[in-house]
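In this text the structure is predicted, and so the values were computed from the model without any measurement.
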Amino acid sequence: MYAVRGMRHSLLIFQNQCHSQSLFTRNNGILLGARAKSYSYVYGACGFSTTTANPNAKRVGTHDGSFHCDEALACFMIRLTKKFSNAQIIRTRNPQVLENFDAVVDVGGVYDPTRDRYDHHQRGFEQVFGHGFTTKLSSAGLVYKHYGAEIIAKELQLDVQHPNVHQLFLAVYKNFVEAVDAIDNGINQYDTDQPPKYVNATGLSYRVGRLNLDWIDPDQSLEKENEAFQRAMILAGSEFLESIHFHANSWLPARSIVMECLSARHNIDSSGEIMVLTRSCPWKLHIFELEEELKIDTTIKYVIYQDDRSENWRLQAVAVSPDKFESRKPLPLPWRGLEGNKLSEVAGIPGCVFVHMSGFIGANNSYEGALAMARASLKA
């Protein structure tokens with residue numbers, strides 16, 4: 001397992017420092033909000049700096065005014081790199097001011113990684129992450145594309161060439177950064193003209209957006225706006241780091257277990273459609289990714305595993321896709337909603353415990369019974 005390396009402590013320092021520093025200090029921390037040409041406001045952020053900022057620290061520019069998740073995350077990430085460690089973040093739209101900075105994100109109309117310019121709003125911009133991903137990048141995706149592997153290696157104290165770093169680099173993009181890119185660029189998650197059946201306003205981009213000043217707030221000052229952007233960086237950055245550590249400590253080991261079990265599926269049943277987990281772990285997302293990676297034509301229909309609490313053996317029908325509730329092959333209709341002896345009688349299999357009303361999951365007292373239920377379901 002990889003250590004968190006004081007992540008929570010660092011973020012706490014971030015908050016404490018920023019609350020304790022004056023917004024009007026010119027040389028401490030992060031420079032934010034340069035609407036007026038003659039001055040800007042300064043305060044610390046990201047908790048990786050000391051209370052007195054290095055006067056020689058590099059300067060990273062982003063725009064002032066309303067903010068989005070992509071530049072909040074981009075600013076947080078770029079300060080995690082060796083090149084821009086503890087850099088000042090300067091918020092302005094003044095092109096003359098931006099021109100003199102060491103890096104610029106989400107403003108300026110230029111994408112040029114050789115000069116650390118990471119804007120995505122200019123005409124003709126069509127950059128994508130690569131590696132099979134086709135979503136247009138935002139400033140977050142651009143910074144991650146060029147510095148993500150370095151950040152992950154640093155967080156986990158691994159060499160950047162370690163194979164796990166590349167695997168995590170792709171996984172964190174897919175499961176965290178890509179959504180930020182897509183939402184900022186207005187890319188719909190589904191190809192459909194139908195309105196959504198319900199509103200989901202709980203995602204990171206929505207929560208960052210809600211940190212902008214409320215239109216009814218009487219205080220619309222630069223100071224208040226900059227405080228809000230600071231909170232946005234903390235929110236986006238902390239969840240980014242959590243994503244790295246989740247994928248390193250949980251996702252990657254689970255993937256290895258599922259891959260091993262997938263490879264042994266024909267030893268369980270000649271159909272190759274039943275997989276047995278040798279150890280309880282999250283498996284659902286890995287099934288779809290590994291089937292595609294390994295080019296498995298006959299897909300897994302059921303996964304069998306032992307329930308840690310009841311010690312019963314569960315058999316679960318695999319969903320048609322990661323975001324769907326429907327199963328590829330639900331357990332037989334006559335079994336659904338039945339329990340105990342009645343279920344065993346109808347199924348003709350001893351030791352049955354239950355089958356859910358929707359047919360997506362069932363249980364048996366023994367491994368042999370769960371396997372028999374899975375085999376019978378394949379033939380139903």
Shortest non-hydrogen contact between Thr298 and Ser271, atoms and distance: CG2-O, 3.8 Å
Return the minimal non-hydrogen interatomic distance between Phe67 and Ala232, and the atom names on each side. CE1-CB, 3.6 Å
In plain terms, say whether Asp64 and Arg93 are close enough for a salt bridge, that is, a side-chain N and a carboxylate O under 4.0 Å apart. yes
Counting only N and O atoms by type, is there a donor-acceptor contact under 3.5 Å from the side chain of Ser243 to the main-chain atoms of Glu239? no
Would you confirm whether Gln88, through its side chain, and Ala57, through its main-chain N or O, come within 3.5 Å as a donor-acceptor pair? no
Test your reading of the model: is there a side-chain donor-acceptor pair from Glu178 to the backbone of Leu137, 3.5 Å cut-off? no
Residues, nucleotides or ligands: over 12 heavy atoms within 6.0 Å of Gln189 CD: no
Any chance you could measure Leu277, atom CG, to Glu260, atom CD, to the nearest 0.5 Å? 10.5 Å
Can you name the nearest heavy-atom pair linking Leu235 to Ser238, along with the distance? O-OG, 3.0 Å
Show, in sequence, the C-alpha distance, side-chain angles and deciding distance for Phe76 and Leu241, and conclude whether the side chain to side chain contact (heavy atoms under 4.5 Å, CB included) test is met. CA-CA 10 Å; Phe76 186 94; Leu241 293 179; 3.9 Å; yes
Is the count of non-hydrogen atoms from other residues, nucleotides or ligands lying under 6.0 Å from Gln122 atom CD greater than 12? yes
In this structure, would Leu252 and Leu285 fall into the same cluster of hydrophobic residues linked by side-chain contacts under 4.5 Å? no
Given the rule that I, L, V, M, F, W and Y join up when any side-chain heavy atoms are under 4.5 Å apart, are Ile183 and Leu142 in one cluster? no
Under 3.5 Å, is there a donor on one side chain and an acceptor on the other for Asp184 and His120? yes
With rounding to the nearest 0.5 angstrom, report the CG to CD distance, Leu222 to Gln220. 10.5 Å
Using 0.5 Å steps for rounding, measure from the CG atom of Asn94 to the CD atom of Gln96. 5.0 Å
Show your working on salt bridge (Lys or Arg N to Asp or Glu O under 4.0 Å) between Arg328 and Glu273 and close with a plain yes or no. CA-CA 11 Å; Arg328 288 173 172 173; Glu273 297 178 82; over 6 Å; no
Minimal heavy-atom distance between Leu262 and Leu290, with the atoms involved, is CD1-CB, 3.5 Å
Do Lys301 and Thr299 have side-chain atoms, one donor and one acceptor, less than 3.5 Å apart? yes
For the residue pair His131 and Phe169, categorise the inter-ring angle as parallel (less than 30°), tilted (30 to 60°) or perpendicular (more than 60°). perpendicular
Please check if the side chain of Asp181 supplies one atom and the backbone of Ser138 the other of a donor-acceptor pair under 3.5 Å. yes
May I ask you to say whether Glu225 pairs ionically with Arg91, meaning some side-chain N is under 4.0 Å from a carboxylate O? yes
Go through the structure and list residues passing ring-ring contact (aromatic ring centres under 6.0 Å, His included) with Phe133, not counting sequence neighbours. Phe129, Tyr173
Is the backbone of Ile187 close enough, under 3.5 Å, to the side chain of Asn185 for a donor and an acceptor to pair up by distance? no
One pair to check against side chain to side chain contact (heavy atoms under 4.5 Å, CB included): His162 and Leu156. What are the steps and the verdict? CA-CA 11 Å; His162 193 288; Leu156 303 179; over 6 Å; no
Output for pair (His356 NE2, Glu339 CD), nearest 0.5 Å, gives 11.0 Å
Taking transitive links into account, so neighbours of neighbours count too, which hydrophobic residues share a cluster with Leu343 at under 4.5 Å side-chain distance? Ile268, Ile274, Val276, Tyr302, Ile304, Trp313, Leu315, Leu331, Trp335, Leu338, Val346, Ile349, Val355, Tyr367, Leu371, Met373, Leu378
Show the numbers, then the answer: is there a side chain to side chain contact (heavy atoms under 4.5 Å, CB included) between Phe354 and Asn312? CA-CA 11 Å; Phe354 77 93; Asn312 291 328; over 6 Å; no
So how far is it from Cys261 SG to Trp283 CH2, rounded to the nearest 0.5 Å? 11.5 Å
For the pair Lys174 and Glu289, evaluate salt bridge (Lys or Arg N to Asp or Glu O under 4.0 Å) and give the outcome as yes or no after the intermediate values. CA-CA 11 Å; Lys174 178 177 182 178; Glu289 292 180 358; 3.0 Å; yes
Under 3.5 Å, is there a donor-acceptor pair linking the side chains of Tyr118 and Asp116? yes
Can you confirm whether Lys83 sits close enough to Tyr147 that some side-chain heavy atom of one is under 4.5 Å from a side-chain heavy atom of the other? yes
Asn341 atom CG, over 12 foreign heavy atoms within 6.0 Å: no
Rounded to the nearest 0.5 Å, the CG atom of Asn175 sits from the CG atom of Leu168 at a distance of 10.5 Å
Do Asp70 and His68 have a side chain donor and acceptor closer than 3.5 Å? no
Measure from the side-chain N and O atoms of Thr81 to the backbone N and O of Ile78, and report whether any donor-acceptor pair falls under 3.5 Å. yes
Spell out, yes or no, whether Tyr144 and Val128 are grouped together once hydrophobic residues are joined by side-chain heavy atoms under 4.5 Å, including indirect joins. no
What verdict does the side chain to side chain contact (heavy atoms under 4.5 Å, CB included) test give for Tyr206 and Val199, after you've listed the backbone C-alpha separation in whole Å, the side-chain angles of each residue and the deciding distance to 0.1 Å? CA-CA 11 Å; Tyr206 293 98; Val199 174; over 6 Å; no
Do the side chain of Lys58 and the main chain of Ala103 share a donor and acceptor less than 3.5 angstrom apart? no
Scanning both residues in full, the closest heavy-atom pair of Gln316 with Ile361 reads OE1-CD1, 3.7 Å
Under 3.5 Å donor-acceptor, Asp102 side chain and Arg59 backbone: yes
Heavy atoms of Ala254 and Pro282 approach each other most closely as CB-O, 3.4 Å
Within the distance-only criterion (no hydrogens, no angle test), does the side chain of Asn364 pair as donor or acceptor with the backbone N or O of Pro350 below 3.5 angstrom? yes
Of Met275, Lys284, Arg279, which is the lone residue that meets side-chain contact (heavy atoms from CB on, under 4.5 Å) with Val258? Met275
ILVMFWY network linking Leu204 to Trp251, side-chain heavy atoms under 4.5 angstrom: yes
Tell me whether Lys329 contacts the main-chain N or O of Ala380 through its side chain, where contact means a donor paired with an acceptor under 3.5 Å. yes
Quick check: is Ile90 connected to Val110 through a chain of hydrophobic side chains (ILVMFWY, heavy atoms under 4.5 Å apart)? no
Establish, from distance only, whether the side-chain atoms of His286 and Arg255 form a donor-acceptor pair under 3.5 Å. no
Ignoring hydrogens and angles, state whether a donor on the side chain of Thr62 or Glu71 is under 3.5 Å from an acceptor on the partner side chain. no
His245-Glu155 side chain donor-acceptor pair, cut-off 3.5 Å: yes
Check the orientation of His146 and Tyr111. Use parallel for under 30°, tilted for 30 to 60°, and perpendicular for over 60°. tilted
